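To find a chain, count down the sequence lines: A is the first, B the second, and so on, and within it residues start at 1. Keep in mind that this is a model prediction, so the values were computed, not measured.
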There are 2 protein chains.
Amino acid sequence: MALDTRTTLLDAAEHAARRRGYDGFSYGDLAQQIGIRKASVHYHFPNKSVLATTLVQRYFERFLRATEGFKAQHASAAGRLNATIDHYRAALEGGDCLCLCVAFSSGRDSLPPDAMDQVTSLRQAILEWLEAVFELAHLDGSIANLGDAGCEAQATLALLEGAQLAARAQNNLVPFDRAVQLLQDRL
Amino acid sequence: MALDTRTTLLDAAEHAARRRGYDGFSYGDLAQQIGIRKASVHYHFPNKSVLATTLVQRYFERFLRATEGFKAQHASAAGRLNATIDHYRAALEGGDCLCLCVAFSSGRDSLPPDAMDQVTSLRQAILEWLEAVFELAHLDGSIANLGDAGCEAQATLALLEGAQLAARAQNNLVPFDRAVQLLQDRL
DNA sequence: GTCTATATTCAGATAGAC
DNA sequence: GTCTATCTGAATATAGAC
């Protein structure tokens, strides 16, 4: 099934953004990668701000679908947290691809405000998901050594994003796995 | 005491790099900020790669001096870890300034290889410092709920760097404080 | 929808005067 | 050490032909 140009473009842009950040890819790069001219990229996304916003929106929707899947597949808090950890691990693609939230947060000042607002919303949604998981854990007892659900959520998101940075800095998954091991030991 | 131009330049560059990443500041920015022309910046640092490498080197030396201070001032593992957390908190400067390691790691692909090598070394030194702290904790018992020192070190670095990202995304220190609270509860 | 051609702006960098 | 002047390349973006 051949994808339309717009989708191919979004895929290429997302991958580039997650590897090199917002400043790190250009319309020229994207055009060359998918075999059209950069003026044609402007036909699909009139400017880079629109492209970035669309990118985060699509990423956001995918995240919501993913958590719906986790809820359907895992009844316990431990199962849902484990699935979330795997999600962040898989996003690394072996070690050189950050989650879009990390890639865009660190370059915050260069990101167009519209796109940054989207990132903030996404971040909030991730925190809410994690907080719900830890609230469930307080009921089902599937995670050891529980603290306040809000703090656990903030700490877990920080751990996952930091672990991604570490993996990327070394270009392999070992630092990620070591960083999350103590959390997984509680499951 | 008036600083020499070179030092003023390094200070401005470090601040800019930690706010906007490697791609996010230019010789023109620096020149304007300190009131000289950009050709004069090239006199002090012939190219941006040299500037970046110098920046990380200086940051590295400062980190080593900081940990020496922590060792002198705090005999317990808990005291040393708390000082390290404070160090990362202070580096945020209220919420819009990342540690150089985070700022440069996320833009890895655009960073000149020499500078990236320096970042890798710095990262390694931070991990060794944290690992030594957790090894001491195994002896002095000042940190509760201890796991393997290597994993604790990786997890702590990830937590601190992730907590910085969270604080920066929201432009205030609250997410940082919430993310590290459970760790501090163990001290 | 995609192209050529072009405008504008800005980046990193160098030569050479003072 | 700092300046003016200039080069080169690349980025975002637009106009208009096909």
Query raised in the report: Are B/F176 and B/V174 co-members of a hydrophobic cluster defined by side-chain heavy atoms under 4.5 Å apart?
Result: no
**Report entry** Shared hydrophobic cluster, A/L165 / B/I85 (ILVMFWY, side-chain heavy atoms < 4.5 Å)
**Finding:** no
Query - Over 12 foreign heavy atoms within 6.0 Å of CD, A/Q57 - result: yes
Think [X] has a side-chain N or O under 4.0 angstrom from the OP1 or OP2 of [N]?
{"X": "A/S40", "N": "C/dC3", "answer": "yes"}
{"X": "A/T5", "N": "C/dG1", "answer": "no"}
{"X": "B/Y43", "N": "D/dG1", "answer": "yes"}

Got a list of protein N/O to nucleotides 13-16 of chain D N/O distances below 3.5 Å?
residue : atom : partner : partner atom : Å
D/dA13  : OP2  : A/K48   : N            : 2.9
D/dA13  : N7   : A/H42   : NE2          : 3.3

Rounded to the Å, how far apart are [X] [atom1] and [N] [atom2]?
{"X": "A/D29", "N": "D/dG9", "atom1": "CG", "atom2": "P", "answer": "17 Å"}
{"X": "A/H44", "N": "C/dC3", "atom1": "NE2", "atom2": "C1'", "answer": "12 Å"}
{"X": "A/R37", "N": "C/dT6", "atom1": "CZ", "atom2": "P", "answer": "15 Å"}
{"X": "B/Q32", "N": "D/dT2", "atom1": "CD", "atom2": "P", "answer": "17 Å"}
{"X": "B/L51", "N": "C/dA11", "atom1": "CG", "atom2": "P", "answer": "14 Å"}
{"X": "A/L30", "N": "C/dG1", "atom1": "CG", "atom2": "P", "answer": "18 Å"}
{"X": "B/D4", "N": "D/dG1", "atom1": "CG", "atom2": "P", "answer": "9 Å"}

Requested in this report: Report yes or no: do B/T120 and B/D117 form a side-chain donor-acceptor pair below 3.5 Å?
Outcome: no
Report task. Of all the heavy-atom pairs spanning B/Q164 and B/A91, show the shortest one and how long it is. Result -> NE2-CB, 3.9 Å
Query raised in the report: Are A/R58 and A/E61 ion-paired here, with the side-chain N under 4.0 Å from a carboxylate O?
Result: no
